[in-house]
Trainee: 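Quick one: the structure is below, questions incoming.
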Amino acid sequence: MIAKLKSLFRIWLALLGLAFFVSCTHAPQQLAISGETMGTTYHVRYVSANPRHNPERVKEAVDAVLVQVNAQMSTYDPESELSRFNQRPQTTPVVISRALEQVVRRALEIAEESDGALDVTVGPLVNLWGFGPQARPEQVPSEAELSAIRQRVGYHMLQIDNHQMSKQVPELYVDLSTIAKGYGVDRVALVLEQLEIQNYLVEIGGEMRMKGSKPGDEPWRIAIEKPISTERSVQRVIELGDAAVATSGDYRNYYEHDGVRFSHIIDPHTGKPIQHNLVSVTVITDTCMDADAYATALTVMGPQRALEFAEQKQLAVLLITREVDGFKEHSSSAFAPYLSQ
Ligand code: ADP
Ligand code: MG
């Protein structure tokens with residue numbers, strides 16, 4: 001009896017030892033965290049075998065940086081650095097954070113490159129047409145209202161010099177909605193790099209950046225949605241490697257008035273929501289900030305100019321247009337490798 005107990009005890013000890021061994025030699029596993037930011041959700045997936053990378057700890061670091069980005073550039077927070085700049089009655093330069101400087105500088109560069117298709121000062125027009133922090137208008141704005149507002153819209157009235165930012169008219173309103181999500185993704189990626197996480201996929205509100213692969217060398221795959229608002233279905237699945245991707249489209253954010261569809265993207269040259277058949281623009285590039293900004297700029301340009309611009313800049317771009325008989329894909333030469341997957 002004693003001998004039997006002893007041998008049972010030994011088996012139990014051996015099992016315990018095995019369990020301990022297994023728990024010490026972690027295989028890399030895929031972990032996930034998620035949360036809310038910038039009026040939308042974020043998701044991060046990453047691969048690690050390091051107990052230091054436990055999800056609670058990683059989430060804490062990710063949330064901290066997102067809170068910081070919001071405090072710098074959200075127009076939904078009246079206390080943010082950007083909101084305070086917008087409310088400021090003076091036109092004299094003011095010292096700004098390096099983060100805000102970096103994003104505004106890039107926005108102004110892409111504004112120049114795109115001949116004003118991207119314009120981060122269109123905020124008052126966005127609000128006029130009912131897509132900003134203020135509510136939707138009861139009616140379509142009149143031409144008089146439109147031209148009054150256009151007096152204080154134009155990225156040329158915004159300057160950055162020597163870490164200082166200034167505006168030419170006190171009412172200038174800077175809205176970084178079109179670039180901030182992408183920038184947020186880049187900042188989260190940087191946090192992961194600093195934690196020495198080498199394999200990850202970061203997504204904020206559909207804008208993504210990824211690096212490395214899943215456990216077992218499986219590539220990260222992402223789905224580009226079909227441009228329809230009634231259901232979520234897949235247009236195309238692609239593998240990106242180490243890159244960022246953003247999609248801009250009028251199929252989710254729009255409203256209808258008297259049967260006319262109003263997009264949340266404004267053409268700065270007309271002051272009105274865009275009205276063409278380009279319904280989805282996907283851009284793949286190194287940083288998510290650029291992908292996000294270019295996706296909006298190309299959406300404003302419309303299919304023909306967007307493709308010309310993509311060729312000229314060697315940007316990997318997939319466009320989807322709405323045709324009488326359904327949707328049509330158009331892609332730039334730099335997008336070709338993703339088509340053949
Ligand atoms: P989403 O990716 O959610 O479709 P975008 O990144 O394309 O959104 O950005 C849309 C937002 O950008 C709008 O809600 C508006 O605040 C702002 N916006 C609209 N038109 C322009 C423009 N021409 N240039 C810069 N920002 C714009
Ligand atoms: Mg976008």
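When reading the values below, keep in mind they use all heavy atoms of this one structure, side chains included, and skip hydrogens, waters and symmetry mates. Heads up: numbering here begins at 1 and tracks the sequence.
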Trainee: Verify whether one side chain among T247 and E225 offers a donor that lies under 3.5 Å from an acceptor in the other.
Mentor: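 The answer is no; no qualifying pair exists.
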Trainee: Are the side chain of R84 and the backbone N or O of E79 linked by a donor-acceptor pair below 3.5 Å?
Mentor: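 Checked: pair present.
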Trainee: Spell out, as yes or no, whether a donor-acceptor pair under 3.5 Å connects the side chain of H269 to the backbone of G116.
Mentor: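 Absent.
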Trainee: Looking at side-chain heavy atoms only, is the closest gap between M210 and E203 below 4.5 Å?
Mentor: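 With C-beta onward as the side chain, the pair stays apart.
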Trainee: Does F309 belong to the same Ile/Leu/Val/Met/Phe/Trp/Tyr cluster as V283, with side-chain heavy atoms less than 4.5 Å apart forming each link?
Mentor: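 In one cluster with F309: V283, yes.
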Trainee: Ignoring hydrogens, what is the shortest heavy-atom contact between G35 and K59? Give both atom names and the distance.
Mentor: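 Residues G35 and K59, closest heavy atoms: CA-NZ, 4.0 Å.
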Trainee: Provide the closest heavy-atom pair for V47 versus I197 in the form atom of the first, atom of the second, distance.
Mentor: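 Closest approach of V47 to I197: O-CG2, 4.3 Å.
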Trainee: Distance-only, no hydrogens or angles: does the D286 side chain make a donor-acceptor pair with backbone N or O of A243 under 3.5 Å?
Mentor: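 Answer holds: no.
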Trainee: Do R322 and F327 have side chains that approach each other closer than 4.5 Å (heavy atoms only, starting at C-beta)?
Mentor: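 Counting from C-beta outward, R322 and F327 do come under 4.5 Å.
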Trainee: List the steps and the verdict of side chain to side chain contact (heavy atoms under 4.5 Å, CB included) for V58 and L31.
Mentor: CA-CA 10 Å; V58 173; L31 299 155; over 6 Å; no
Trainee: As a quick check of understanding, evaluate side chain to side chain contact (heavy atoms under 4.5 Å, CB included) for L158 and F85, giving each step before the final call.
Mentor: CA-CA 11 Å; L158 178 66; F85 175 81; 4.0 Å; yes
Trainee: Decide, yes or no, whether a salt bridge links E109 with R106 under the criterion of side-chain N to carboxylate O below 4.0 Å.
Mentor: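 Judged by the 4.0 Å cut-off on N to carboxylate O distance, E109 and R106 do form a salt bridge.
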Trainee: Tell me whether M289 is reachable from I160 by hopping between hydrophobic residues (I, L, V, M, F, W, Y) whose side-chain heavy atoms are closer than 4.5 Å.
Mentor: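 Looking at the clustering, M289 is in the same group as I160.
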Trainee: Does atom CG of D217 have more than 12 heavy-atom neighbours from other groups under 6.0 Å away?
Mentor: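 At most 12 heavy atoms, drawn from other residues, nucleotides or ligands, come within 6.0 Å of this atom.
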Trainee: Looking at every heavy atom in both W129 and K272, which two are closest together, and how far apart are they?
Mentor: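 Scanning both residues completely, I find the closest heavy atoms to be CZ2-CG, 3.7 Å.
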Trainee: Are the side chains of R57 and L195 in contact, using a 4.5 Å heavy-atom criterion?
Mentor: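 L195 does not reach R57 side chain to side chain.
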Trainee: Under 4.5 Å between any side-chain heavy atoms of P78 and Q87, yes or no?
Mentor: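 Of all side-chain heavy-atom pairs linking Q87 with P78, at least one is under 4.5 Å.
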Trainee: Report the distance from atom CD1 of I222 to atom CZ of R236, rounding to the nearest 0.5 Å.
Mentor: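 Result: 11.5 Å between the selected atoms.
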Trainee: Are I33 and V65 linked, directly or through intermediate hydrophobic residues, by side-chain heavy-atom contacts shorter than 4.5 Å (ILVMFWY only)?
Mentor: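 Both belong to a single hydrophobic cluster.
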Trainee: Are M208 and L318 connected in the hydrophobic side-chain network, where two residues link if heavy atoms are under 4.5 Å apart?
Mentor: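 The answer is yes; both residues are in one hydrophobic cluster.
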Trainee: For V174 and L82, which heavy atoms make the closest approach, and how far apart are they?
Mentor: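 Where V174 meets L82 most closely, the heavy atoms are O-CD2, 3.4 Å.
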Trainee: Taking P303's backbone N and O only, do any of them form a donor-acceptor pair with H276's side chain (distance below 3.5 Å, no angle check)?
Mentor: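 No, because the side chain of H276 does not come within donor-acceptor range (under 3.5 Å) of the backbone of P303.
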Trainee: Rounded to the nearest 0.5 Å, what separates atom CH2 in W220 from atom CG in D242?
Mentor: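 Taking CH2 in W220 and CG in D242, the distance rounds to 11.5 Å.
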Trainee: Can you see whether E323 engages T321 through a side-chain donor-acceptor pair at a distance of less than 3.5 angstrom?
Mentor: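 Yes, because at least one side-chain N or O of E323 sits under 3.5 Å from a partner of the opposite role on T321.
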Trainee: Which heavy atom of V185 sits nearest a heavy atom of E207, and at what distance?
Mentor: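 Nearest heavy atoms, V185 then E207: CG2-O, 3.5 Å.
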Trainee: Going by heavy atoms in the side chains, are S34 and H43 under 4.5 Å from each other?
Mentor: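 Of all side-chain heavy-atom pairs linking H43 with S34, at least one is under 4.5 Å.
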Trainee: Hey, are the side chains of L172 and R152 touching, using non-hydrogen atoms and a 4.5 Å cut-off?
Mentor: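 No, their side chains stay 4.5 Å or more apart.
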Trainee: Keeping the roles fixed (side chain from T121, backbone from G154), state whether a donor-acceptor pair exists under 3.5 Å.
Mentor: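 Yes; at least one donor-acceptor contact below 3.5 Å.
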Trainee: Quick one: does Y42's side chain get under 4.5 Å of L66's, heavy atoms only?
Mentor: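 A side-chain contact exists here, since the closest heavy-atom pair is under 4.5 Å.
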Trainee: Please say which of V103, L100, I204 ends up in a side chain to side chain contact (heavy atoms under 4.5 Å, CB included) with Y183.
Mentor: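 Filter result, single survivor: V103.
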Trainee: Looking only at side chains, do S48 and N50 share a donor and an acceptor under 3.5 Å apart?
Mentor: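 No pair is found: no donor N or O on one side chain lies under 3.5 Å from an acceptor on the other.
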Trainee: Determine yes or no for a side-chain-to-main-chain donor-acceptor pair under 3.5 angstrom, with T75 supplying the side chain and D175 the backbone.
Mentor: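 Side chain of T75 to backbone of D175: no pair is present.
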Trainee: Kindly indicate whether the side chain of L118, heavy atoms from C-beta on, has any atom under 4.5 Å from the side chain of V300.
Mentor: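 No. Closest side-chain heavy atoms not under 4.5 Å.
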Trainee: Which distance, rounded to the nearest 0.5 Å, do you find between the OG1 of T285 and the OH of Y294?
Mentor: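 These two atoms lie 7.0 Å from each other.
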Trainee: So for atom CD, which belongs to Q304, do other residues, nucleotides or ligands contribute more than 12 heavy atoms lying within a distance under 6.0 Å?
Mentor: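 Atom CD in Q304 is not packed in, count stays at 12 or less.
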Trainee: Taking R98 for the side chain and H163 for the main chain, is one N or O donor matched with an acceptor at less than 3.5 Å?
Mentor: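 No; judged by distance alone, with no hydrogens or angles, the pair does not exist.
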Trainee: In sequence, state the C-alpha distance, the side-chain angles, and the governing distance for M73 and N70, and then conclude on side chain to side chain contact (heavy atoms under 4.5 Å, CB included).
Mentor: CA-CA 5 Å; M73 47 198 86; N70 272 286; over 6 Å; no
Trainee: Quick check for you: to the nearest 0.5 Å, what is the distance between N54 atom CG and R52 atom CZ?
Mentor: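 Answer rounded to 0.5 Å: 10.5 Å.
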Trainee: Within this structure, what is the CZ-CG distance for the pair R209 and L190, rounded to the nearest 0.5 Å?
Mentor: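 Here the rounded value is 8.0 Å.
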Trainee: Return the CG to OH distance between L108 and Y155, rounded to the nearest 0.5 Å.
Mentor: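 Interatomic distance, L108 CG to Y155 OH, rounded to 0.5 Å: 8.0 Å.
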Trainee: Hydrophobic clustering (ILVMFWY, side-chain heavy atoms < 4.5 Å, transitive) - are V122 and L146 grouped together?
Mentor: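 In one cluster: yes.
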Trainee: Hey, what's the ring geometry for H53 with Y46, parallel, tilted or perpendicular (30° and 60° as the breaks)?
Mentor: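 H53 vs Y46 ring planes: perpendicular.
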Trainee: Quick one: do Y173 and K167 satisfy side chain to side chain contact (heavy atoms under 4.5 Å, CB included)? Show the steps, please.
Mentor: CA-CA 9 Å; Y173 177 92; K167 48 187 172 183; over 6 Å; no
Trainee: If you take all heavy atoms of A32 and R45, which pair is closest and at what distance?
Mentor: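 Closest approach of A32 to R45, heavy atoms only: CB-CG, 4.1 Å.
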Trainee: Any sub-3.5 Å donor-acceptor pair from K214's side-chain atoms to R221's backbone N or O?
Mentor: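 No, the answer is negative, given that no donor and acceptor are paired below the 3.5 Å cut-off.
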Trainee: For the backbone of S333 and the side chain of E311, can you confirm whether one donor and one acceptor N or O come within less than 3.5 Å of each other?
Mentor: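 Checked: pair present.
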Trainee: Less than 4.0 Å between a side-chain N and a carboxylate O, is that true for R150 and E143?
Mentor: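 Answer for the salt bridge query: no.
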Trainee: Would you check if the side chain of D186 reaches a backbone N or O of C288 as a donor-acceptor pair within less than 3.5 Å?
Mentor: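 At least one qualifying donor-acceptor pair exists.
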